Each structure stands twice: as structure tokens, then as C-alpha cells.
Peer 1: 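Okay, here's the structure, questions in a sec.
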Number of protein chains: 4
Amino acid sequence: MATSLTEFAHRGYRGAKTEDIAQKAVVSKGIIFRYYKNKAHLYMATLKFATDRIESVADYSVWHDAQDLDAMIVNATKYKIQLQLQYPEEFKLLLDAYAEASDAPSALKHEIAEFYNNQTSANMANMIDPILNRLPIRNNVSRKTIQGLMLGVLDQVGAETKTLMQKKPDADLTDFDDIIENVRGYIDVLEHGFLKKE
Amino acid sequence: MATSLTEFAHRGYRGAKTEDIAQKAVVSKGIIFRYYKNKAHLYMATLKFATDRIESVADYSVWHDAQDLDAMIVNATKYKIQLQLQYPEEFKLLLDAYAEASDAPSALKHEIAEFYNNQTSANMANMIDPILNRLPIRNNVSRKTIQGLMLGVLDQVGAETKTLMQKKPDADLTDFDDIIENVRGYIDVLEHGFLKKE
Amino acid sequence: MATSLTEFAHRGYRGAKTEDIAQKAVVSKGIIFRYYKNKAHLYMATLKFATDRIESVADYSVWHDAQDLDAMIVNATKYKIQLQLQYPEEFKLLLDAYAEASDAPSALKHEIAEFYNNQTSANMANMIDPILNRLPIRNNVSRKTIQGLMLGVLDQVGAETKTLMQKKPDADLTDFDDIIENVRGYIDVLEHGFLKKE
Amino acid sequence: MATSLTEFAHRGYRGAKTEDIAQKAVVSKGIIFRYYKNKAHLYMATLKFATDRIESVADYSVWHDAQDLDAMIVNATKYKIQLQLQYPEEFKLLLDAYAEASDAPSALKHEIAEFYNNQTSANMANMIDPILNRLPIRNNVSRKTIQGLMLGVLDQVGAETKTLMQKKPDADLTDFDDIIENVRGYIDVLEHGFLKKE
DNA sequence: AATGAATGAGTTTTCATTCAT
DNA sequence: TATGAATGAAAACTCATTCAT
């Protein structure tokens, strides 16, 4: 599974060769087909393996426990970066899966969709609503707007992370301090933007 | 080229078959190899075709001519959506190319990078700086922060667009009115966030 | 290898089809490419197979053990004919290889050259010198001249052999008695020509 | 024709591409097929072109005019070397043709056979018989033996010539003086071998 | 008559999948 | 259960030959 993940993530479904996967995993090709029936099944199993892995370590308490927006976003950003650093292949596989697995069975599609949803509006709502409830929101500013902006911030952090990782492939968490600082700036502006002035 | 673009965009490099491309383009396989030497060259030529096409119609005046942030972002958003609607295959191809063309010659990589750059920080700075110069920015808010937030807004719009297009593949501009409305909300919050209160 | 040898020998590099080789060898095309990477490698392997085969059976004692020129040349001729009858495809392949393998790697060229050298001046010198040392050579006759004439005799025998084999493809050793008789005549004349008269 | 000759001689029937022949001859592919119907016909025409060229310049008087064996063979050798230097491609094409044109029409085969015959026993007999008639031949030495030995000498000269040309591709006639000297040695030995001692 | 773009049958090559051991 | 040699359908690629211009 680990080898399969690496190969599919780096080369895509068609680019990954069963021969290579077997060789790098130090097993025979035959055994792969005994356990996974065919390449498509192997791919799906790998997809599931990746989502399970991320799901098993994902710790949403970083969201729930935060007392204010700044803390929440900073923690969440740190956490997401850490996750992406720790599981870059899982992320890449799942990000590509949507496009590649257009003819995958619906069970798989569900799993993939799940992964995506964790980064979308609905999920964001759950996370930040409790905090927003405690804050005085300026008139004319909808929850949806704030959620969109927060997602935008996360997208932007994702982009900045990607850029940094391309420049410095073996980065560790401290290399991301600048990005965390940027996030603080974003949140500060957002709060000024949607909170009532007293 | 048009057929090649469609096939590569929909099926990826390996999924696209030269036979199919030839057949759909109503030409013979042979002539493809006469002009493009091999599949890899055909892919690169298609990439160039896509970037050229987008570059040839891209009209950056929507950015320069705007008098305020709201107008600029709204126009730019409309324009980008329109472009993406008009050239969905070009966008898809180029978005995937980054991952697929890991062993492409550097000349091609340059082209792809170019396409990506048009959606990054450096470009954003050029666009919005003239407008920011005319506005009273709150202390403690850096240009970089504002640029990052703007990019976040664009990313978010991109995501919302993608989602909408998946739900409604044959959408037209009017279907995107809600998204435009969202953008207005985002900008309003941002401006409240980084402008000095009088 | 055996089938490959036959096909390449009869049809040349380009005329031999991998499909045919596979079919006649009662194996699949695929397995050929697994073992030999591509057609060029298969050809080289076949070349090596042919040289090895001939080298492995070549018994140069027929040269060394002879006590006089007549015995040596007659034995050698018989032996060479026998070899060529036994390995006609190997001979044909290697004879053609020199022309075909103009872009072969130098390792291969070495092998081919080796095969050719066994039929040249340097080799001939080694073989007949011990015998010539025991004979009274007429003044004005150089070793080189005698070697050249011996090679000429061998060339001529080769030509006569080829002609006979074309007329009678399934000839056996006894069919070559006339040629052996010719050789005796040649040697007789040569000896009269270069030995001192007592 | 000249280009065709060069290409076929260097690459063989299958290795020569009509595209290349056309390009190097600075004509269109189309015109080749108009004049020669197909590749096989082009090949045959080229073969005929080569034999005609050699036949048109071949001057057999060098054989007939000689008064003694030494003069004859030396002249003939010089002449043959000159011919081979002047028409290396024609020689190569015709030498290969025998193997390649196994399915050529019989008319062609006749032409090729003709070329070969000029270098065989029957032809040799015509050439040297008049001279031998004037010489006292030792008992027990047959005409056939002498012819065979003379052919052997010519073969050997051919081999020496080939070797020299490979070492020194742009050799001229004077570079072959050593070979001519060798020939003198060969003939001297042969004459001593088959003439009656007085 | 001359051109060279276009064709497609024919070859080489790849790779998921099977199966004897 | 595990192996990896063997298979052959499917893809890439070549090139003699045709044909519109």
C-alpha cells in the first residue's frame, strides 16, 4: 500500500506500472493481483488507504478548542501544514483522484468527496460558527461571506505552503513561521473587516 | 490541435490515444507523427497551443482600468470566469500539466510556469498597487497582507466556480451572479479591514 | 536464439520480424522484449550467440597437429567446410553483420572483428609458421608471400564451397571431395613454388 | 540513380528510405514513384545502373594484351583496384544484391550473375588460357588448378584492398603499391610451382 | 510533369493479467 | 500462498505509396 501510494501519487493512475510497484514493494506482481484483483482495485484500495491514514490522524480538536478566531486559524493552519508535510503523497493522490477516477465506482467517489468536503464551506461553517456566535458581527456581513473569506485564507495558505515546499523540499515546521505570520495578518484584517467597531 | 487539446484535457497524457486524436480530428495517425515527431512532442505542442490561445485573448485592461478595488475585483472575477467558461479545456490541460510534465523540457516548463504566475503574488502586486496607493491603509497592515488576501479571494472564487461548473456543466455567465455577489461581500469586508476609519 | 539466428541470417536485420521470430520460436512477442529490451539488442545477442557457438566448437588442433603443409591445409579445409556446413546460418549472419552493424556498440564490433580475424593474415602466420620453420624456403620468397597465398587458397576454397552449396543446398562432406582434391593441387603447386629444389 | 545507388549501397534495400533518397537527390518522392513504379523497381533500376556503369568502363584489354602472367596479373590487379576505388558503391551494391534480391525477377538475377561471373573460374579460363598455351606446364598440374590459384590470388588481393581501404578511406592508386608488390611475389611462387624446370 | 501532404497497413514496443511451478 | 515467466491485446511509431494541387 505504501509503495502503491507513492507510485500512484507521483505518476498518476496510468503512469504507475504494476511491475514497478511490485518491485519497489519487494513482492511479486502475482501477489498484487491475488489480493487486489486488478489495477483499478489496487488504485481504489490505495485511495482508501490514503483517506484512512489522514482520517486516523486528523485531530479536529484544534478547531473546536480554540477560543478566538486568531488562535483557531493559526492552530488550524499549523496543523494543516503539518499534515501536508507528513502526508504529501496522500494529499497529492487524493487531489488528483477526483480527475482520474471519473469512472470509479460510487463508493470510492463518496470517499473522495468526503476528503474534499473537509476543505469546503460546509465544514468551515461547523468549525467557526461557535466562535462567530460569541462575536459582534457588523451588519450587512453574512456568515457565508466570512466562511468564504476564511476558506480563501486557507486556500492562500495552501498555495504559499506549496510554493515554499517547492523551493525547499525538505522544509520543517519552523520554515513555515513566515506563513503563520501572514495568516495572523490576514485574520487581523478580516476581523477588522467584519466586527462591529465599538 | 483542437482535438488534441480536448483529448489530453479530458484523459490526461497517457489516457489520450493518438489513434483517437487522429480519428476525431479526421486525419491519419501518420500525419500526426510527421508533424509532431512523437506523442510527447504532440503534448508539448498542445500545451503551447493552449497557453497561446489564452494569452492571445487575455485582456488585462480589466485590471488596469478599474478605479476602485470593488470594481477591479468584480471585473477581474467576471473576466476570469468568462475565460474559464470559454476555454475550460485549456484551463484543465494547463492545470494538470504541472503534475504531468515533470519530465518536460525546460522550455515547456517555462510556459507552464508563466501561466501559473498570472495567478500569483507578483502579478497581483502589479495589479492592485496603483489602487492601494490612492487609499488610506490602516497602520500595521502590510501590502503583502492585502495581496495575500486578494489572492485568497481569487482562489476562493476559483473554487466556487469549479464547484458550480461541476454541478451545472453548461452554465453561462448569469449563473455566476451569486459568486459575483459573494466577491462583493468579500471585498467589502476586506476594505473595512484594512482601511483607516475616518 | 536459434530461431532468431535463422531469421536474421535469412532475412537480415530489417527483414526479420519480431512477430515471426516469436511465432517460429513458439513464444510470445512480449517475452522477447522482456529479455532483449528491443530488436537491436536481440540482434546483438544473436550475433554473440553465433560467435560463441562457433568459438565453442572451433578446434584449432587441426592446424597445430599437422606435420606438413598438405596435411594441414587439407585438414583445415575439411574442417572449415564442415563448420560452414554445420553452422551455415552462423556464418551468414556474421558475414552480413559487418555491413549491417555499422552502428552497433563497440563491444559487438569487437566480437565481429574477432570472427573476421580468424580468417586473416595474422592468424594464418601463427598456424603455418611452425611448419615453414622446418622447410627449406627458396631465396626471394618471403613469409608474407606464402601467408598471402595460403589465405588466397582458403578464400578460393570458400568461394568453391559457396558455389557448390548453392547448387546443392543439402550437400554433405563427401560432396566436397572434389574441392579437397583441388586444394591438394593448389598446395602441390605452392610447395613447388616456394621450396628450394634439391 | 546516383543517390539511389549511394543509399542502397550504404543501407541495404530495407534500410534505404525513399524519403531520404528523394531528399538527397533534391527531387520529390512523388516523381520517384512516377518513374520507377515502386521501391523494388527503383532498386532493380539502380542495380542495372551500377552494372552498366561498371560494364561501360570495364576494359578487358588489360587481360588480353598481356604477354606473360606477371604482366597480366599485375595489370589486372591494378585495374581492378582502380575500378573498385572509382566505383566502391557499385561494387558494394552488387556484392550485397545477391543476398538481398532473392525474390527479384529473373532478368535481374541474370544481370547480377553476370557481374559475379566476371570474377569466376569460367572467365578466368578465357583470360589466362592464351598465355598458358605458350608456357611449359609441369606434369600433374591441371589447368583448373592454375585457374583456381589465380582466382585465389585475386581474392586475396581483394581482401588486402578492402583492408587497406578501411584503414585509409581516401587512398589513391599509389597507396596500393605494396599490394602490387605482393602480387608479384604470389605470381613468382606460382610460376615456380607450375612451370617445368628446364 | 512535379510536389509533398496525407494515408494506413505493417512493425515495434508496452504492460495488465494469467498461470505453471 | 507466493513467484515471475509468459501472454497478447492495445498503443506507439514507420514508411511505401497515393493523390489533390
Side-chain angles (χ1 to χ4, degrees), chain A residues 4 7-8 11-23 25-43, chain B residues 4 7-8 11-23 25-43, chain C residues 4 7-8 11-23 25-43, chain D residues 4 7-8 11-23 25-43:
Chain A
S4 188
E7 291 298 301
F8 280 130
R11 308 192 200 287
Y13 180 71
R14 284 194 145 92
K17 312 293 167 208
T18 52
E19 176 97 50
D20 292 346
I21 294 172
Q23 202 151 47
V26 197
V27 296
S28 69
K29 254 182 303 174
I31 206 64
I32 291 178
F33 283 89
R34 172 176 249 275
Y35 284 129
Y36 298 104
K37 172 85 177 169
N38 59 33
K39 195 183 179 183
H41 281 67
L42 175 63
Y43 182 68
Chain B
S4 187
E7 290 297 301
F8 280 130
R11 304 189 202 290
Y13 179 69
R14 285 194 141 90
K17 310 298 167 203
T18 51
E19 177 100 48
D20 291 349
I21 294 173
Q23 208 150 43
V26 198
V27 295
S28 66
K29 255 179 307 172
I31 204 63
I32 291 180
F33 286 93
R34 173 184 238 276
Y35 284 128
Y36 301 104
K37 174 84 180 165
N38 59 33
K39 196 182 175 182
H41 279 67
L42 174 63
Y43 182 68
Chain C
S4 188
E7 292 297 301
F8 280 131
R11 306 189 202 290
Y13 180 70
R14 285 197 142 89
K17 310 296 167 204
T18 52
E19 177 100 49
D20 291 348
I21 294 172
Q23 207 149 43
V26 197
V27 296
S28 67
K29 256 176 307 173
I31 204 62
I32 291 180
F33 285 92
R34 175 185 235 274
Y35 286 128
Y36 301 104
K37 175 81 181 170
N38 58 34
K39 196 182 176 183
H41 279 67
L42 174 64
Y43 181 70
Chain D
S4 188
E7 291 297 300
F8 280 131
R11 306 192 200 289
Y13 180 69
R14 284 194 144 91
K17 311 294 167 208
T18 52
E19 176 98 49
D20 292 347
I21 294 172
Q23 203 150 46
V26 198
V27 297
S28 69
K29 254 182 304 175
I31 206 64
I32 291 179
F33 283 89
R34 171 176 250 276
Y35 283 129
Y36 298 103
K37 171 88 176 167
N38 59 31
K39 195 183 178 182
H41 280 67
L42 174 63
Y43 181 69

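Protein chains get the first letters and strands the later ones, always in sequence-line order, with residue 1 at the start of each. Keep in mind that what you see is a predicted model, and the values were worked out from it rather than measured.
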Peer 1: For residues 25-38 of chain B, dump all side-chain donor-acceptor pairs below 3.5 Å to protein atoms at least two apart in sequence or in another chain.
Peer 2:
unit_1 : atom_1 : unit_2 : atom_2 : d
S28(B) : OG     : I31(B) : N      : 3.4
N38(B) : OD1    : A40(B) : N      : 3.2
N38(B) : OD1    : H41(B) : N      : 3.0
N38(B) : OD1    : H41(B) : ND1    : 2.9

Peer 1: Parallel, tilted or perpendicular: which one describes the rings of F8(A) and Y13(A), with boundaries at 30° and 60°?
Peer 2: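 Parallel, since the angle between the ring planes stays under 30°.
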Peer 1: Going 5' to 3' along DNA chain F, between which two nucleotides do contacts with chain D fall, using a heavy-atom cut-off of 4.0 Å?
Peer 2: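 The contact span of chain D on DNA chain F goes from dC15(F) to dT18(F).
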Peer 1: Given Watson-Crick or G-U pairs with both distances under 3.5 Å, what dot-bracket string fits DNA chain F, with | for other-strand pairs and [ ] for crossing?
Peer 2: .||||||||||||||||||||
Peer 1: Could you grab the distance from atom NZ of K17(A) to atom NZ of K39(A), nearest 0.5 Å is fine?
Peer 2: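 Rounded to the nearest 0.5 Å, the NZ-NZ separation comes out at 5.5 Å.
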Peer 1: What are the two closest non-hydrogen atoms of I21(C) and A16(C), and how far apart are they?
Peer 2: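 Heavy atoms of I21(C) and A16(C) come nearest at CD1-CB, 4.4 Å.
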Peer 1: Answer with base, sugar-phosphate or nothing: what part of the nucleic acid does Y35(C) contact at a heavy-atom distance below 4.0 Å?
Peer 2: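 Contact class for Y35(C): sugar-phosphate only.
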Peer 1: Between protein and nucleotides 7-11 of chain E, what N or O pairs are separated by less than 3.5 Å?
Peer 2:
unit_1  : atom_1 : unit_2 : atom_2 : d
dT7(E)  : OP2    : S28(B) : N      : 2.7
dT7(E)  : OP2    : S28(B) : OG     : 3.1
dG10(E) : O6     : K29(B) : NZ     : 3.4

Peer 1: Atom CZ of R14(C) and atom CZ of R11(D): how far apart are they, to the nearest 0.5 Å?
Peer 2: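 If I round to the nearest 0.5 Å, the distance is 9.0 Å.
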Peer 1: Starting at CG of L42(A) and ending at C1' of dA16(E), how long is that distance when rounded to a whole Å?
Peer 2: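 My rounded result for the distance is 12 Å.
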Peer 1: Please give, in whole Å, the distance from dT12(E) C1' to Q23(C) CD?
Peer 2: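 Interatomic distance, CD of Q23(C) to C1' of dT12(E): 15 Å.
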